[in-house]
Amino acid sequence: MSEKSVVSSPDAPPAIGAYSQGIKAGGFIFLSGQIPLVGNTGKFAQGMIKEQTEQVIANIKALLAAEKLDLSDVVKTTVFLASMNEFSAMNEIYSKHFTGTPPARSTIEVSRLPRDARIEIEVVAQVRS
């Protein structure tokens with residue numbers, strides 16, 4: 001049975017509630033969904049979907065960096081959008097960051113996200129051996 005440990009970074013929004021920023025287990029990192037909160041300030045990122053996507057990815061990068069990983073280690077993302085009409089704008093920013101061999105991805109429109117965010121992204125990354 002593999003051990004599990006908490007993944008956290010002071011440069012990403014803290015978990016509020018009964019969850020961790022991320023969990024490391026079985027050779028993978030599972031990051032909780034990130035919304036566009038600015039680091040650990042609790043302030044919401046200004047702007048529309050492009051700016052919110054940039055902030056979400058910055059939060060993901062901070063959590064990965066805490067484990068000495070980067071976006072190239074991500075194997076799967078799930079993107080939750082408040083409106084599928086914003087897919088193209090989100091994808092423009094997302095594609096800028098996930099280059100080379102991009103991870104598998106699901107994109108889902110949802111009726112509402114925490115703090116009325118336009119986007120939330122959860123990530124699974126492979127731990128380097």
Side-chain angles (χ1 to χ4, degrees):
M1 191 146 116
S2 69
E3 296 286 319
K4 72 177 184 177
S5 59
V6 172
V7 174
S8 66
S9 171
D11 298 322
I16 301 169
Y19 68 94
S20 300
Q21 287 175 308
I23 293 290
K24 181 180 187 179
F28 292 93
I29 302 282
F30 302 87
L31 297 184
S32 293
Q34 294 296 304
I35 62 171
L37 294 177
V38 178
N40 64 2
T41 67
K43 295 183 181 188
F44 205 78
Q46 297 297 309
M48 298 304 287
I49 189 67
K50 287 184 179 184
E51 294 81 8
Q52 288 192 20
T53 303
E54 287 283 4
Q55 185 59 55
V56 167
I57 292 173
N59 294 342
I60 291 167
K61 285 179 175 180
L63 287 165
L64 291 172
E67 295 295 320
K68 297 180 177 43
L69 300 175
D70 58 40
L71 293 177
S72 70
D73 298 300
V74 174
V75 296
K76 172 72 168 85
T77 65
T78 305
V79 178
F80 302 94
L81 291 175
S83 172
M84 201 56 84
N85 292 334
E86 296 178 317
F87 179 87
S88 291
M90 174 281 298
N91 197 52
E92 178 184 328
I93 302 304
Y94 180 101
S95 298
K96 199 171 74 169
H97 293 280
F98 289 99
T99 58
T101 304
R105 177 177 77 185
S106 301
T107 304
I108 304 160
E109 180 180 86
V110 295
S111 63
R112 193 166 181 203
L113 290 166
R115 307 237 350 228
D116 292 321
R118 305 300 306 155
I119 185 170
E120 180 174 354
I121 301 176
E122 66 180 26
V123 165
V124 177
Q126 189 170 24
V127 175
R128 295 180 190 168
S129 36

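Count residues from 1 along the sequence. Side-chain atoms are counted along with the backbone in the values below, which use heavy atoms only and exclude waters and symmetry mates.
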Shared hydrophobic cluster, Phe98 / Ile119 (ILVMFWY, side-chain heavy atoms < 4.5 Å): yes
Less than 4.0 Å between a side-chain N and a carboxylate O, is that true for Arg128 and Asp70? yes
Tell me, do Leu63 and Gln34 make a side-chain contact under 4.5 Å, heavy atoms counted? yes
For atom CE of Met84, decide whether the heavy atoms of other residues, nucleotides or ligands shown that lie under 6.0 angstrom number more than 12. yes
Side-chain heavy atoms of Leu31 within contact of Val74, under 4.5 Å: no
Is any side-chain heavy atom of Phe30 closer than 4.5 Å to a side-chain heavy atom of Glu122? no
Dump the intermediate steps for side chain to side chain contact (heavy atoms under 4.5 Å, CB included) on Val56 and Val79, then the final yes or no. CA-CA 10 Å; Val56 167; Val79 178; over 6 Å; no
Which heavy atom of Lys4 sits nearest a heavy atom of Ala25, and at what distance? CB-CB, 3.8 Å
Checking side chain to side chain donor-acceptor pair (under 3.5 Å) against Glu86, which of Gln52, Lys50, Arg118 comes through? Arg118
May I ask you to test the Asn59-Ile121 pair for a side-chain heavy-atom distance under 4.5 Å? no
If I compare all heavy atoms of Val124 with all of Phe28, which pair ends up nearest, and what's the gap? CG1-CD2, 3.9 Å
Worked verdict on Ile29 versus Leu69 for side chain to side chain contact (heavy atoms under 4.5 Å, CB included): CA-CA 10 Å; Ile29 302 282; Leu69 300 175; 3.7 Å; yes
Ignoring hydrogens and angles, write down the donor-acceptor pairs under 3.5 Å from the side chains of residues 6-17, residues two or more places apart or on other chains.
| from | atom 1 | to | atom 2 | distance (Å) |
| --- | --- | --- | --- | --- |
| Ser9 | OG | Asp11 | N | 3.0 |

Side-chain heavy-atom pair Pro36, Glu51 within 4.5 angstrom cut-off: no
Go through the steps for Leu37 and Phe44 under the test side chain to side chain contact (heavy atoms under 4.5 Å, CB included), then give the verdict. CA-CA 5 Å; Leu37 294 177; Phe44 205 78; 3.8 Å; yes
Are the side chains of Tyr94 and Arg105 in touch, meaning some heavy atoms are under 4.5 Å apart? yes
One should read off an interatomic distance between His97 NE2 and Leu71 CG, to the nearest 0.5 angstrom, of 7.5 Å
Closest approach of Ser20 to Ile23 (non-hydrogen atoms, all atoms of both residues): OG-CD1, 3.8 Å
Rounded to the nearest 0.5 Å, the OG atom of Ser111 sits from the CZ atom of Phe80 at a distance of 12.0 Å
Measure across Leu113 and Ala82 and return the closest heavy-atom pair with its distance rounded to 0.1 Å. CD1-N, 4.1 Å
Might you point out which heavy atoms bring Arg115 and Ile35 nearest each other, and give the distance in Å? CG-CD1, 4.1 Å
Distance check, rounded to the nearest 0.5 Å: Ser88 atom OG versus Ile49 atom CD1? 11.0 Å
